[in-house]
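As structure tokens, the structure follows; a few thoughts come after it.
When reading the values below, keep in mind they use all heavy atoms of this one structure, side chains included, and skip hydrogens, waters and symmetry mates. Letters A, B, ... are given to chains in the order of the sequence lines, protein chains preceding strands, and every chain is numbered from 1.
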Amino acid sequence: MATERDWRARVPDGMWVKCENPRCAQLLYSKELDRNLRVCSHCDHHFRLSARQRIAITLDPDSFVETDTELMTVNPLNMEGYEAKLKRHRARTSEMEAAVVGTGAILGHPVTIGVTNPFFTVGSMGSVVGEKLARCVERARDQRCPCILISGSGAGARMEEGILSLMQMAKTAAAIGRLRQAGQLCVTILTNPTMAGVYASWASLGDIIIAEPRAMIGFAGQRVVKGTKSDLGADAQSSEFQHEHGMIDRIVPRLEMRGFLESLIRMTYAAPLRKGASVEV
Amino acid sequence: MATERDWRARVPDGMWVKCENPRCAQLLYSKELDRNLRVCSHCDHHFRLSARQRIAITLDPDSFVETDTELMTVNPLNMEGYEAKLKRHRARTSEMEAAVVGTGAILGHPVTIGVTNPFFTVGSMGSVVGEKLARCVERARDQRCPCILISGSGAGARMEEGILSLMQMAKTAAAIGRLRQAGQLCVTILTNPTMAGVYASWASLGDIIIAEPRAMIGFAGQRVVKGTKSDLGADAQSSEFQHEHGMIDRIVPRLEMRGFLESLIRMTYAAPLRKGASVEV
Amino acid sequence: MKYSPSRWLPFEEGIRVIQEEMEDLLRRQSEQDVDLSAEITALQDRLEAEKRKIASELTPWRKVLVARHPNRPYTLDYIAHIFDDFVELHGDRRYGNDQSLVGGPAMLGDYSVMVIGHQKGRTTKERQERNFGSSNPEAYRKAQRLLEMAERLGMPVISLIDTPAAQCLFDAEARGISEAIAATQLLMGGLRVPIVVVVTGEGGSGGAIAIGVGDVVMMLEHAIYSVIPPEGFAAILYKNAAPEQVQQAAALLRLTAQDALELGVIDEIIPEPLGGAHHDGIGMAATLKQAIVRRLEPLLALPVDELVDQRYAKFRAMGKWEVRRG
Amino acid sequence: MKYSPSRWLPFEEGIRVIQEEMEDLLRRQSEQDVDLSAEITALQDRLEAEKRKIASELTPWRKVLVARHPNRPYTLDYIAHIFDDFVELHGDRRYGNDQSLVGGPAMLGDYSVMVIGHQKGRTTKERQERNFGSSNPEAYRKAQRLLEMAERLGMPVISLIDTPAAQCLFDAEARGISEAIAATQLLMGGLRVPIVVVVTGEGGSGGAIAIGVGDVVMMLEHAIYSVIPPEGFAAILYKNAAPEQVQQAAALLRLTAQDALELGVIDEIIPEPLGGAHHDGIGMAATLKQAIVRRLEPLLALPVDELVDQRYAKFRAMGKWEVRRG
Ligand SMILES: [Zn+2]
Ligand SMILES: [Zn+2]
């Protein structure tokens with residue numbers, strides 16, 4: 001199974017792995033780290049997860065069915081080096097693109113799910129990522145079920161696709177607008193990092209917005225901010241800051257995330273005036 | 001004509017009147033002050049106007065038809081002194097209550113209009129005021145025309161009617177909600193003073209909110225603020241402060257108000273996808 | 001429910017004395033291994049009688065004190081005891097995360113609802129964090145967000161009111177407390193899901209009615225609902241009002257649940273445990289739950305247009321006036 | 001339109017020289033009472049030829065400079081010359097009165113529309129007040145309010161884009177610039193009145209697309225529309241990018257109107273006066289008005305469900321990809 005293969009692929013060869021958090025740097029037993037959903041048991045640092053790892057810890061086992069795999073990225077601006085970059089990321093991640101989308105279930109309740117992969121071009125949103133996410137949202141509307149979108153995107157829009165990547169913001173936002181009109185829940189989960197064009201479109205449009213602790217979340221990329229001589233502090237781009245300022249409903253540690261989602265999905269399906277019956281997936 | 005009578009009644013007997021603004025105190029020729037819509041030509045101080053004076057300077061001449069005059073205030077809490085107070089204000093203003101409502105026209109376009117009178121219990125909102133305003137809003141909905149509400153209310157809710165006066169906030173707010181759904185414009189004009197329960201209900205719910213310059217506008221009555229040891233500055237309760245903080249669309253001097261409303265009403269009727277044709281009043 | 005050490009209102013002195021005697025008896029019984037059950041039963045009867053006496057003497061002003069009692073159950077206490085699951089949601093998506101009003105989806109038996117409610121703090125620290133239940137504009141804008149979500153998702157709304165008043169300081173003014181209160185009422189007036197409102201403690205003027213527009217509005221027996229705090233009203237009526245004048249103002253305002261029912265502002269009074277909800281929070285929550293369920297279920301069966309029209313008609317009818325003939 | 005004294009771009013040196021000669025000739029003609037009309041006509045031909053030459057040599061980077069030209073007409077200039085009446089409305093009803101985006105109802109011939117648009121400042125003071133056209137969250141929330149009003153009142157929307165980028169400083173982050181941009185797009189995506197969008201100057205990334213969702217999207221001939229400013233892109237590509245590298249980045253980004261049309265992002269390019277809109281603001285406004293009216297009128301005839309579905313389909317189709325077979 002693809003999920004399993006990928007999950008293994010991301011575990012280092014050795015039995016021990018050093019905590020990514022430089023202030024911790026603890027040596028962790030890799031199997032235990034996996035059992036802990038890749039959260040450091042010493043410092044609570046949340047390691048980045050690939051899209052498939054996310055799906056594995058989010059959905060009911062074996063419920064995920066991937067969709068929209070036929071969409072292939074092209075080089076619409078003939079940007080030099082873009083194809084080579086894609087090739088590199090494909091080889092490194094065994095993925096074709098930065099988004100994995102599909103259908104699945106939580107507690108047996110149908111959901112659609114779309115996840116951006118921070119290991120693939122730092123999860124940047126080009127045409128294919130935008131299209132996959134929009135289809136994921138539309139599928140929830142068609143099947144009258146909740147939609148779960150999980151962001152891990154440090155770059156926001158994908159520069160190599162220029163203005164076309166900017167349009168993906170409008171596309172995904174409009175799709176969520178239609179989902180709202182249809183009365184179906186959209187939950188967005190923001191993981192480290194969630195920035196710029198992704199945060200300024202679908203990631204900010206969940207009915208409920210959840211973040212993992214200490215994720216970098218914000219509008220301005222730090223490089224851009226530097227170029228424009230901003231006085232933006234690093235803290236302003238964190239889950240905690242965004243929560244404090246009313247932008248994020250809850251900060252939920254990874255180990256509690258599945259339980260939290262279970263509550264939300266259960267309650268969504270138990271709404272007595274819920275629009276439309278759910279359709280079997 | 002009632003309007004004319006009242007207008008005259010408010011002009012002092014003498015030919016000269018002293019500007020209300022203590023920092024000005026200029027002697028003004030009363031006929032000229034009237035011609036200037038009771039705005040001091042020396043310091044631009046806007047004298048308070050009665051409800052009928054407002055209507056006279058707002059609507060097309062002779063277009064106003066008063067409605068809902070059959071509603072009579074009672075003393076639902078048996079509050080001591082309330083009846084005497086009403087009697088006093090009735091004698092002083094020749095009005096039965098603090099709100100005057102009806103239908104009329106601007107540039108020939110039908111509108112409904114509701115005005116609170118700062119000379120009658122400082123324009124406070126009891127059951128009859130709330131009911132009259134709600135009917136004024138409903139009439140705009142029924143007749144598919146814009147609704148103009150003009151506030152002059154220093155007290156907000158009318159304490160003597162206790163909890164019943166609080167309910168008028170919900171009543172008027174709900175009526176404006178229905179007007180919005182029907183796609184008809186609601187303009188509120190805030191004049192000196194607009195406070196508390198009036199500002200926290202219909203006065204804040206115009207699609208477009210206009211204020212006269214230097215009107216006292218705010219939530220907390222100064223006496224209440226004092227009692228609760230607030231650090232609220234006087235400036236926070238002004239048209240200018242509320243405008244600067246995004247609460248008010250425009251501050252429009254009285255002499256420009258009619259022209260401003262003409263533009264708004266003309267454009268409202270010229271909206272190509274306007275809901276419903278207007279009905280002759 | 002965990003409360004800070006018991007605090008007693010002046011007129012509860014009789015209860016305090018009996019409860020101390022009771023604690024003494026229970027200690028002696030357990031330490032000295034004697035049977036004091038007869039004495040204990042007698043004392044329980046006295047306690048009951050004392051509570052009954054106090055209940056019969058609850059003047060409007062005393063009700064104000066009961067409604068504000070620091071041991072009175074608060075919204076999160078009711079949520080904990082009424083709902084099977086609750087996910088608190090935060091933030092207005094605009095400016096801040098105001099803690100004076102809480103809300104989120106919750107399970108009420110087999111179905112889910114959206115709960116919103118003012119929240120006072122129990123400890124000193126929490127009181128400050130929650131601003132003593134006085135809400136800033138962000139609190140009402142959070143409520144609006146949750147109300148709109150409830151409408152989209154088809155969840156009925158339970159709104160619990162317990163606030164001295166909305167925040168009225170400079171910052172609240174600068175961020176539009178009036179607009180926030182006004183817009184929340186407008187939204188609730190037309191919301192296309194059932195809304196059950198309960199005034200559980202203090203129904204303090206604009207801050208209360210902001211989340212007070214519902215298909216059914218109930219009050220706990222000793223809750224108050226007022227256009228102005230009695231202290232504020234006394235300040236308007238009298239210069240430097242004396243305590244008796246404040247008490248008199250409380251009576252003049254007709255702010256009790258019984259007054260509100262008589263004036264047509266509420267649909268029902270939910271009885272409190274003898275002496276007030278602060279004597280038995282869990283019992284109070286059970287009674288409240290029953291009332292909410294009993295009132296909510298018929299609303300769920302109504303066609304939504306009818307529901308919204310009824311709610312509108314309900315508030316349109318509020319107020320008292322006479323019609324002058326010809 | 002009143003502009004501050006002419007400023008010249010480096011590649012406009014030829015125009016500057018000819019225009020100075022022209023002023024000389026005109027002065028001499030009026031002072032010395034001689035007929036220089038032949039010379040003047042010749043010079044006018046030279047000016048025209050020079051403008052044509054410059055227009056033919058407008059590289060992407062030069063277009064960036066033209067799009068940012070301080071004499072380029074801004075939104076309020078277009079409003080003044082396109083609409084017969086305009087009532088500017090202010091404030092987000094939440095927090096502030098951001099002047100970097102203006103809006104309000106206006107008359108377009110016989111019918112009214114709602115106009116929104118970024119607004120840069122002309123004078124130094126105005127530039128600061130309008131934050132150089134970089135919008136804070138309040139600007140987009142004002143836009144949302146006006147969009148919702150337009151929908152209720154049945155006014156079509158004209159949205160004019162001219163912003164370097166949305167504000168990204170600490171305060172903007174604290175008040176939710178991302179949410180504001182996201183929610184505005186969502187709202188425009190489903191708004192039940194026609195929307196015509198024109199990028200008139202700088203279409204700067206998120207700040208631009210925030211008000212860029214319409215039934216028709218057009219660009220002025222030398223406007224730009226980009227996911228990132230060329231300087232920012234160069235900074236990503238190269239360390240301490242040299243000027244030529246910034247120019248190269250501008251070309252790589254495909255940010256011109258011609259690129260946007262080819263990539264399917266816009267529907268039409270509106271021609272500018274020779275050399276750019278800053279040479280003839282009034283002529284530009286006239287052309288723009290024609291284009292808006294021509295595009296708007298068929299939209300007014302569409303049933304609203306169809307209109308909204310078409311707009312959705314339009315943005316859903318944006319982007320380029322291939323479909324892998326079996
Ligand atoms: Zn660690
Ligand atoms: Zn004066």
Side-chain angles (χ1 to χ4, degrees), chain B residues 107 109 140-141 144-147 176-188 190 199-200 203-211 217 239-252 256-257 259-278, chain D residues 83-99 101-115 129 136-142 144-157 175 191-195 293 296-297 299-304 307:
Chain B
L107 293 177
H109 293 299
R141 180 173 180 257
R144 292 176 178 154
C145 71
C147 177
I176 294 177
R178 293 215 153 190
L179 186 67
R180 279 192 192 174
Q181 280 172 357
Q184 300 305 328
L185 179 76
C186 180
V187 179
T188 57
L190 317 189
Y199 191 40
S204 279
L205 293 173
D207 296 297
I208 296 165
I209 304 179
I210 315 167
I217 299 174
S239 310
E240 289 71 20
F241 179 92
Q242 298 288 337
H243 175 65
E244 193 184 315
H245 286 81
M247 309 305 159
I248 288 173
D249 283 287
R250 291 281 287 253
I251 296 174
V252 179
E256 299 167 24
M257 189 67 84
F260 190 86
L261 278 177
E262 284 176 0
S263 282
L264 286 183
I265 298 297
R266 193 191 299 115
M267 290 196 278
T268 302
Y269 273 95
L273 305 168
R274 187 166 179 268
K275 281 179 199 133
S278 94
Chain D
F83 302 104
D84 293 326
D85 198 359
F86 171 60
V87 174
E88 189 181 346
L89 301 179
H90 291 272
D92 66 345
R93 303 271 163 90
R94 300 282 181 273
Y95 182 87
N97 176 10
D98 192 299
Q99 314 265 16
L101 188 149
V102 298
M107 289 299 292
L108 180 64
D110 289 338
Y111 52 84
S112 57
V113 298
M114 185 68 76
V115 192
E129 282 168 3
N136 272 296
E138 295 74 52
Y140 295 111
R141 292 186 184 128
K142 169 168 67 179
Q144 288 172 31
R145 183 167 79 80
L146 299 183
L147 289 162
E148 285 170 349
M149 195 191 305
E151 186 179 57
R152 285 199 299 273
L153 300 180
M155 292 178 184
V157 172
R175 300 198 301 271
L191 205 76
R192 294 175 68 77
V193 286
I195 304 174
V293 171
L296 190 53
E297 290 191 334
L299 298 175
L300 289 170
L302 276 183
V304 67
L307 176 84

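Closest approach of D:Met155 to B:Ala271, counting heavy atoms only: CG-CB, 3.6 Å. Here the closest heavy-atom approach between residue D:Met149 and residue B:Asp207 is recorded as CE-O, 3.0 Å.
Within the 4.5 Å cutoff, side-chain heavy atoms of D:Arg93 are placed close to those of B:Asp249. Two residues are said to be in side-chain contact when any heavy atoms from C-beta on lie closer than 4.5 Å; B:Leu273 and D:Arg192 fail this criterion.
Residue D:Arg145 touches chain B through its side chain alone, counting heavy-atom pairs closer than 4.5 Å. Proximity to chain B (any heavy atom under 4.5 Å) is shown, for D:Asp98, by neither the backbone nor the side chain. With a 4.5 angstrom heavy-atom cutoff, B:Gln242 does not touch chain D via any of its atoms.
For the side-chain contact (heavy atoms from CB on, under 4.5 Å) with D:His90, the qualifying choice from B:Glu244, B:Arg250, B:Met247 is B:Arg250, the only one to do so. Tested against B:Pro272 for a side-chain contact (heavy atoms from CB on, under 4.5 Å), the candidates D:Leu300, D:Val193, D:Asp110 yield a single pass: D:Leu300.
No salt bridge links D:Asp84 with B:Arg266; every basic N to acidic carboxylate O contact stays at or beyond 4.0 Å.
Between chain B and the options D:Met107, D:Lys142, D:Glu151, the largest number of non-hydrogen pairs under 4.5 Å is found for D:Met107. Options B:Leu264, B:Ile209, B:Ile210 differ in how many heavy-atom pairs under 4.5 Å they form with chain D, and the most are formed by B:Ile209.
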